[in-house]
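What follows is a short report on a single structure.
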Amino acid sequence: MLEARLRFFLHKCVLPGQAKQLHAQLVVNRYDHLEPILVHQTLHFTKEFSRDVVSYVKRILKAFQSSKVSAAPKGLDTFSWGCLVRFLSQHRKFKETVALYIEMHNSGIPPSSHAVTSALRACGKIENMIDGDSIHAQALKSGLCGCVYVQTGLVGLYSRLGYIEMAKRAFDEIANKNTVSWNSLLHGYLESGDLDEARRVFDKIPEKDVVSWNLIISSYAKKGDMSDATSLFLTMPLKSPASWNILIGGYVNCREMKLARTYFDAMPQKNSVTWITMLSGYTKSGDVQSAEELFTQMSKKDKLVYDTMIACYAQNGKPKDALKLFSQMLESNSGFQPDEITLSSVVSANSQLGDTSFGTWVESYITEHGIQIDDLLSTSLIDLYMKGGDFDKAFKLFSGLDKKDTVSYSAMITGCGINGMATEANRLFREMVEKKISPNQVTFTGLLSAYSHSGLVQEGYKCFNSMNDYDLEPSADHYGIMVDMLGRAGRLEEAYELIKSMPMQPNAGVWGALLLASGLRNNAEFGEIACSHCVELETDSSGYLSHLANIYTSVGRWDDARNVRKAMEEKKLSKTLGCSWVQGSDH
DNA sequence: CTAGGGTTAG
């Protein structure tokens with residue numbers, strides 16, 4: 001009785017909000033025991049993505065799987081299976097899609113075109129050629145390969161995986177090609193990087209739709225060819241929000257924020273993606289202020305907008321602001337649930353602040369809310385734990401990574417560097433090289449600082465010189481660490497020579513390292529040289545000058561020390577005067 | 001079939 005009523009409602013229920021209500025009703029009524037046919041109807045009418053529904057489906061599937069063959073979904077026919085498979089694929093659960101398709105096949109259910117196209121799409125997304133091929137074979141056997149949708153799905157699969165000849169063959173076999181078939185082939189040429197052939201295909205499409213245009217424009221935009229992208233954009237007859245977003249994203253990638261902003265302002269119906277594209281552009285170019293302005297201007301912020309803004313703060317050295325916004329996100333009753341993406345930025349912010357106790361909070365938050373730790377979140381946690389000296393946890397996380405990459409190795413090596421664990425840093429470095437994971441500038445910063453902190457000058461030199469072997473030019477920062485290392489070892493002359501040999505302008509950090517070392521060794525000669533450069537490079541010179549004064553004092557040059565301090569006082573005075581004068585003119 | 005969010009140094 002109840003089921004019949006529910007079923008009736010489900011049929012009527014096209015509005016997502018209602019679907020949610022009904023879903024709640026299903027939960028209350030122990031949905032695990034409802035007949036499967038009800039399941040696919042729920043899915044069929046639940047138009048909007050919702051975590052609840054996904055977990056709901058997962059539970060249903062688990063029930064199916066754990067109940068062995070005998071209880072294999074009675075009444076779940078080809079159509080129902082197809083709906084389930086399609087549902088998962090539509091919600092980007094691609095691994096699950098393929099798994100479910102295989103489950104269906106193993107249950108002896110003949111595939112529907114729905115199931116096949118969804119499974120093919122999923123295989124393409126997760127680059128699973130093996131299952132993709134067998135699905136192709138099954139489609140052939142079931143006589144589904146005469147269906148345009150299935151054939152187009154094959155073109156899509158082979159295109160995505162870079163088998164452009166096979167894609168072309170599948171395309172040629174389609175009797176009644178539709179625009180989606182053409183677009184899939186176009187996608188294939190774009191994926192394989194053959195822009196010329198892609199352009200020829202594009203020109204041949206009889207009825208180009210907005211996706212055809214968007215595909216070709218996005219390929220020009222990705223290449224950085226914004227003049228072609230823009231002229232095509234201006235030519236296209238009907239623009240979708242995606243078209244605008246592609247163009248804006250293209251300008252953002254070229255760091256042309258002015259132009260990006262022009263199109264952003266001109267865009268009629270901006271959506272959340274548009275705003276996020278702009279925010280991330282400002283984030284990458286370090287323009288936190290503009291990002292902030294846009295963020296406050298935005299009326300209906302979704303969770304991804306918060307994620308973007310938090311990341312913006314975290315990436316631009318404003319960890320406190322990142323945390324403030326994060327707590328706002330938690331406090332506002334918007335129902336935004338932080339996930340692994342939000343947390344990776346938040347952990348990074350805490351790490352920058354040196355608040356290592358935060359790790360425990362995150363841990364309990366993760367277990368409480370069932371968030372799955374992925375490699376990126378692990379990496380930020382590794383950084384946090386290494387900085388806090390919690391090596392056990394860091395190493396455990398590190399060994400548990402799905403795929404160790406340059407960033408995670410660098411985080412480990414940097415952590416070793418901070419804690420003076422040069423041997424371990426070196427071991428990790430050799431390990432990553434053996435695994436053909438290429439080190440970058442950050443890796444060497446960490447490694448060099450490990451040698452520097454342990455006073456291993458010989459090793460440091462070897463490491464510094466080996467950077468060329470990895471096609472890396474030492475940056476001013478790397479020179480700075482070397483100067484620091486040599487200086488601490490008392491080799492001031494050598495450090496000075498190294499600075500003079502630098503191919504780029506030494507920055508204040510480099511000279512500062514020499515100044516610091518001069519202080520440790522009470523060497524006024526190099527202290528003077530270093531300090532004069534520092535004063536030249538930085539607006540606030542008081543710290544450098546007082547350091548020099550200390551050096552003078554320690555070597556007994558009282559007059560010089562006094563002169564420096566006097567100069568400092570005068571500078572301070574003129575600054576205050578200047579300030580009060582500016583303030584005075586305001587009124 | 002097209003558009004958006006994350007991790008390592010300074």
Side-chain angles (χ1 to χ4, degrees), chain A residues 121 124 152-153 155-156 159-160 178-188 190-191 205 209-219 221-222 239-250 252 267 270-281 283 302-312 314-315 317 322 338-349 351-352 373-384 386-387 397 401 405-415 417-418 439-449 475-478 480-481 507-509:
Chain A
R121 183 174 110 97
T152 301
V155 178
S159 284
R160 201 172 269 278
N178 60 29
T179 304
V180 179
S181 323
W182 280 97
N183 288 345
S184 299
L185 184 69
L186 174 60
H187 192 235
L190 294 175
E191 198 77 352
I205 302 179
D209 67 359
V210 74
V211 175
S212 328
W213 286 93
N214 287 350
L215 272 169
I216 195 85
I217 291 172
S218 92
S219 77
K222 269 194 194 112
K239 298 163 184 57
S240 68
S243 328
W244 288 86
N245 290 339
I246 290 163
L247 196 75
I248 294 170
V252 161
M267 183 169 171
K270 306 177 201 16
N271 59 23
S272 175
V273 176
T274 324
W275 292 84
I276 290 170
T277 306
M278 287 300 291
L279 285 181
S280 70
T283 299
D302 63 14
K303 180 186 157 294
L304 266 69
V305 176
Y306 273 91
D307 283 350
T308 313
M309 198 60 220
I310 292 171
C312 175
Q315 283 171 29
D339 60 5
E340 62 278 5
I341 292 179
T342 324
L343 290 180
S344 57
S345 290
V346 174
V347 170
S348 157
S351 168
Q352 288 173 49
I373 305 187
D374 66 4
D375 282 2
L376 268 77
L377 179 54
S378 284
T379 303
S380 57
L381 279 169
I382 287 170
D383 167 63
L384 186 79
M386 284 304 277
K387 277 184 184 147
L397 276 171
L401 285 175
D405 64 357
T406 305
V407 179
S408 48
Y409 266 105
S410 301
M412 287 296 288
I413 290 171
T414 302
I418 292 166
N440 65 12
Q441 304 260 351
V442 185
T443 323
F444 275 97
T445 304
L447 193 55
L448 283 172
S449 81
S475 72
D477 290 332
H478 295 117
I481 301 169
N507 60 25

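Order of the sequence lines sets the chain letters (A, B, ...), proteins ahead of strands, with each chain counted from 1.
- Donor-acceptor pairing under 3.5 Å, judged by distance alone, is absent between the side chain of A:Ser380 and the base of B:dT7.
- Contacts of A:Lys270 with the nucleic acid, taken as non-hydrogen atoms under 4.0 Å apart, are absent.
- In this structure, the side-chain contact (heavy atoms from CB on, under 4.5 Å) partners of A:Thr443, at least two apart in sequence or on a different chain, are A:Thr406, A:Ser410, A:Ile413, A:Phe429, A:Met432, A:Pro439, A:Asn440.
- Not counting sequence neighbours, the partners of A:Lys303 by the side-chain contact (heavy atoms from CB on, under 4.5 Å) test are A:Asp307, A:Met329, A:Phe336, A:Asp339, A:Thr342.
- The side-chain contact (heavy atoms from CB on, under 4.5 Å) search around A:Asp374 returns A:Glu340, A:Leu376, A:Leu377, not counting sequence neighbours.
- Contacts of A:Thr283 classified as side chain to side chain donor-acceptor pair (under 3.5 Å), with partners at least two apart in sequence or in another chain: none.
- Protein atom CD of A:Gln352 is 7 Å distant from nucleotide atom P of B:dT8, rounded to whole Å.
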Pairing string, 5' to 3', for DNA chain B - Watson-Crick or wobble contacts under 3.5 Å, brackets [ ] where pairs cross, | to another strand:
..........
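- For the side chain to side chain donor-acceptor pair (under 3.5 Å) test, residues two or more places apart in sequence or in another chain that qualify with A:Ser348 are A:Gln352.
- For A:Val305, the side-chain contact (heavy atoms from CB on, under 4.5 Å) partners at least two apart in sequence or on another chain are A:Ser272, A:Ile276, A:Leu279, A:Phe295, A:Met298, A:Lys301, A:Asp302.
- A:Asp383 comes within 4.0 angstrom of the backbone, heavy atoms only, and of no base.
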What string of B, S and - do you get for nucleotides 1-6 of chain B, 5' to 3', when a contact is any protein heavy atom under 4.0 Å?
BBBBBB
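- One can place CD1 of A:Ile418 at 12 Å from P of B:dT8, the figure rounded to the nearest angstrom.
- With hydrogens and angles ignored, the 3.5 Å screen pairs no side-chain donor or acceptor of A:Ser351 with any backbone N or O of A:Val347.
- For A:Ser280, there are no side chain to side chain donor-acceptor pair (under 3.5 Å) partners at least two apart in sequence or on another chain.
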